[in-house]
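Everything on this sheet refers to the single structure shown next.
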Number of protein chains: 2
Amino acid sequence: MERTSPQGVNIKSQDKKDDFIAPTPHNTPIVTAPIHNRQHTSTTMAGSFTPNAQLVSDLQGKLGSLIGAPTGYIESLPASVQRRLDGLKCYQSEHAKLETEFHKEIFALEKKYLGLYKPLYEKRSQVVNGSLEPTDAEVEAGKKVDADSDDEAEEEPAAKTDDADSPVTGVPEFWLTCMKNHGQIDELISDRDQEALKHLTDITLEYLEDEHAFRLVFTFAPNEFFTNTKLTKTYFYQTNPSIGDIVFDHAEGDSINWNEGKDLTMAVESRKQRNKSTNETRVVKKNIPTESFFGFFDTIAIPEAPEEEDELDLLQDQIEADYEIGEEFKEKIIPHAVDWFTGKALEYEGLNYDDFEEDGEDFYGEESDDDDDDEPRSQQRAPECKQQ
Amino acid sequence: MERTSPQGVNIKSQDKKDDFIAPTPHNTPIVTAPIHNRQHTSTTMAGSFTPNAQLVSDLQGKLGSLIGAPTGYIESLPASVQRRLDGLKCYQSEHAKLETEFHKEIFALEKKYLGLYKPLYEKRSQVVNGSLEPTDAEVEAGKKVDADSDDEAEEEPAAKTDDADSPVTGVPEFWLTCMKNHGQIDELISDRDQEALKHLTDITLEYLEDEHAFRLVFTFAPNEFFTNTKLTKTYFYQTNPSIGDIVFDHAEGDSINWNEGKDLTMAVESRKQRNKSTNETRVVKKNIPTESFFGFFDTIAIPEAPEEEDELDLLQDQIEADYEIGEEFKEKIIPHAVDWFTGKALEYEGLNYDDFEEDGEDFYGEESDDDDDDEPRSQQRAPECKQQ
């Protein structure tokens with residue numbers, strides 16, 4: 001078939017419609033991927049991942065005048081066709097207004113259903129934390145759930161550990177176990193973090209009243225690490241009127257009030273120093289940042305001025321990964337916690353533990369060492385002894 | 001920290017809750033990825049990608065007894081904790097019922113909004129196919145859309161091709177151009193396909209009345225290739241009651257009534273044969289399957305009996321890719337066609353042309369040759385001459 005020239009040289013319009021060759025931008029791609037997008041799964045109902053306007057603008061700046069620059073192919077079209085395209089753009093903007101309403105209705109539905117789920121979440125929390133025992137009827141119904149999905153009658157396990165002598169309260173380490181069973185989230189949890197996350201008693205979802213945003217609330221029992229009883233992370237959306245979509249804007253996390261020497265996002269580096277005059281040695285301690293799940297509560301700052309290309313790429317990756325983790329809590333861990341605890345979720349999720357490693361990068365945009373075990377990724381010695 | 005033994009050896013319950021170490025399946029992963037899932041983006045509102053039950057069962061069969069097999073960690077928990085987990089499963093099944101209702105409401109919302117979008121789609125179709133000219137007011141409004149999004153007043157292009165002498169009908173090759181500007185879809189289009197796709201006059205979305213399914217309808221002007229005026233592809237969902245989700249089940253496409261010698265999914269291979277007695281040569285022609293966009297209308301058959309592991313992987317990849325393409329038409333091309341025509345969609349989509357190539361595989365699960373140009377992927381000579 002005929003091809004148009006890359007710069008959309010004026011084409012001769014011909015009598016027969018079928019012979020008319022519309023210049024197409026695919027012959028002259030403006031840019032293959034204006035914003036690097038790893039295209040991970042998103043089960044978001046009300047929003048999709050798009051970084052905020054400032055960041056997009058910086059990223060576009062970095063790509064110079066390529067993005068959005070006319071390549072001439074539209075201009076090369078006959079006047080009558082351009083006029084029709086303008087008409088189509090008008091219809092598209094009407095469409096975008098309707099789409100915005102659609103997304104608002106979905107968001108409202110999400111809120112409505114959160115309200116319906118809440119009594120179940122509250123019962124779950126009470127059972128997990130030991131203030132409520134399920135009724136016999138509930139237990140029987142719960143046993144049937146597994147029996148149904150296995151397509152066979154559930155066998156009563158032969159022997160259970162009897163804890164009558166030393167009763168266990170609730171379901172210990174429920175939320176830590178849920179998180180550890182989620183590959184992407186497990187990646188973020190250091191051995192030191194686990195000691196703190198044992199005190200996690202609930203993870204809940206809230207929607208903000210007046211703003212288009214959702215908030216994850218992590219509730220902790222009193223612990224030696226920090227004084228906060230709740231740590232929250234809030235994800236804000238904005239409405240993109242030109243495409244009718246609701247897109248992610250930015251996230252804000254709480255600051256953690258670490259107890260002295262307990263900051264899990266910092267590691268202590270000790271070095272010996274010798275005094276040249278006295279020949280005495282002393283140990284100098286220095287705090288250095290280390291990877292920790294609690295970095296999740298850091299607010300990623302978006303710089304005012306455009307930065308270096310590499311830094312922008314890293315920032316983009318960080319924001320995207322951060323948004324994904326928030327989504328995983330919102331759409332998977334919170335709604336289906338017991339299935340994450342038991343591992344059943346792994347069956348129906350088709351969850352890929354290697355998701356981030358596929359990209360050769362971990363959450364922090366650094367090369368992964370393919371280290372799949374639970375060794376701490378920092379060079380710090382685990383504070384407590386380890387039993388294999 | 002302490003670790004539990006891989007097979008969830010009975011643990012001693014202790015007096016202090018904090019000392020209790022819950023065995024976690026992450027120490028003994030059942031399987032890292034029960035179903036290979038590339039985790040491409042999905043903007044689906046009402047459904048998520050999960051292949052149908054038979055396929056899952058085959059895939060699980062292939063993984064032997066590993067999936068769903070108890071690793072013993074749940075059984076190792078104290079009886080009181082197991083009882084609580086059964087209670088939690090009961091609440092989870094109540095939650096799943098609500099989720100099913102939620103997904104049904106979203107599906108109903110999608111249908112409602114399709115009804116609202118329809119008048120705009122009909123006008124679009126009329127303008128594209130030349131039976132309606134936009135009003136001056138619509139054209140002015142359309143010009144303003146671009147001016148707004150560019151944050152500057154739209155400059156009137158200096159010179160337009162005047163087609164008063166040889167008027168062009170509608171917007172020629174509108175849908176072909178939209179499709180060519182979408183990286184994943186463009187991958188599927190051979191040069192021969194383009195000749196047929198020039199006759200594509202509309203792509204629309206329908207929901208089935210009684211079933212949980214959506215249908216893509218491709219409308220064609222009379223053409224030399226096939227006699228169908230419409231080609232449809234229908235995606236069926238099923239409700240997964242155990243997780244409350246609506247999941248993709250299978251897709252069905254129309255058969256194409258190809259005109260003699262015009263089947264674009266077949267290529268003719270010519271070979272010379274020499275008769276050993278007479279020493280005469282003759283040309284033998286053979287039809288061999290070739291890659292074509294029109295393969296999209298093939299219904300992927302799911303075999304009754306489990307197949308070889310490699311075949312199942314390939315099948316899984318094909319079904320997933322096929323579903324993704326359907327989703328792209330439903331969620332992107334149809335709602336925002338003019339933006340795909342002009343290339344504006346590339347700006348806000350962050351669309352990655354290399355999506356499939358990242359996996360080192362193309363739509364058909366074969367190794368990609370990283371061939372980014374528009375050369376036909378089949379070995380066939382393009383039927384018409386090519387002008388650069």
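Lettering follows sequence order; numbering is per chain, from 1.
The heavy-atom pair separating Leu116(A) from Leu98(B) by the smallest distance is O-CD1, 3.6 Å. Nearest heavy atoms, Leu77(A) versus Phe341(B): CD1-CE2, 4.0 Å.
When each of Leu120(A), Val139(A), Val145(A), Val338(A) is checked for a side chain to side chain contact (heavy atoms under 4.5 Å, CB included) with Leu88(B), only Val338(A) meets the rule.
Contact tally against chain B (heavy-atom pairs below 4.5 Å) for His95(A), Lys123(A), Arg124(A), Glu140(A): the top residue is His95(A). Comparing Gly170(A), Pro119(A), Gly130(A), Gly87(A) by how many heavy-atom pairs each has under 4.5 Å with chain B, the most go to Gly170(A).
When only modelled atom types and interatomic distance are considered, Glu99(B) and Tyr117(A) share no side-chain donor-acceptor pair under 3.5 Å.
Looking at Tyr113(B), only its side chain comes within 4.5 Å of chain A, counting heavy atoms on both sides. Both the backbone and the side chain of Glu101(B) come within contact range of chain A, with heavy atoms under 4.5 Å apart. Neither the backbone nor the side chain of Ala221(A) has a heavy atom closer than 4.5 Å to any heavy atom of chain B. Heavy atoms of Pro335(B) lying under 4.5 Å from chain A belong to its backbone as well as its side chain. Heavy-atom distances place no part of Ala137(B) under 4.5 Å from chain A, backbone and side chain included.
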Open item on the list: For a side-chain contact (heavy atoms from CB on, under 4.5 Å) check, start with the C-alpha distance between Glu105(A) and Lys112(B), then their side-chain angles and the critical distance, and finish with the verdict.
Closed with: CA-CA 11 Å; Glu105(A) 286 209 49; Lys112(B) 169 184 156 185; 2.7 Å; yes

Task: Derivation and outcome, side-chain contact (heavy atoms from CB on, under 4.5 Å), residues Asp339(B) and Gln92(A) - done: CA-CA 8 Å; Asp339(B) 290 343; Gln92(A) 194 67 56; 3.9 Å; yes

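Using a 4.0 Å cut-off between charged nitrogen and carboxylate oxygen, Lys144(A) and Asp86(B) do not count as a salt-bridge pair.
Put simply, the side chain of Glu138(A) never gets that close to the backbone of Arg84(B): no donor and acceptor are under 3.5 Å apart.
Here CG of Leu85(B) is found 7.0 Å from CZ of Phe174(A). Values are rounded to the nearest 0.5 Å.
A heavy-atom distance below 4.5 Å is found between the side chains of Asp136(B) and Arg83(A). Counting heavy atoms from C-beta on, the side chains of Cys90(B) and Thr135(A) never come closer than 4.5 Å.
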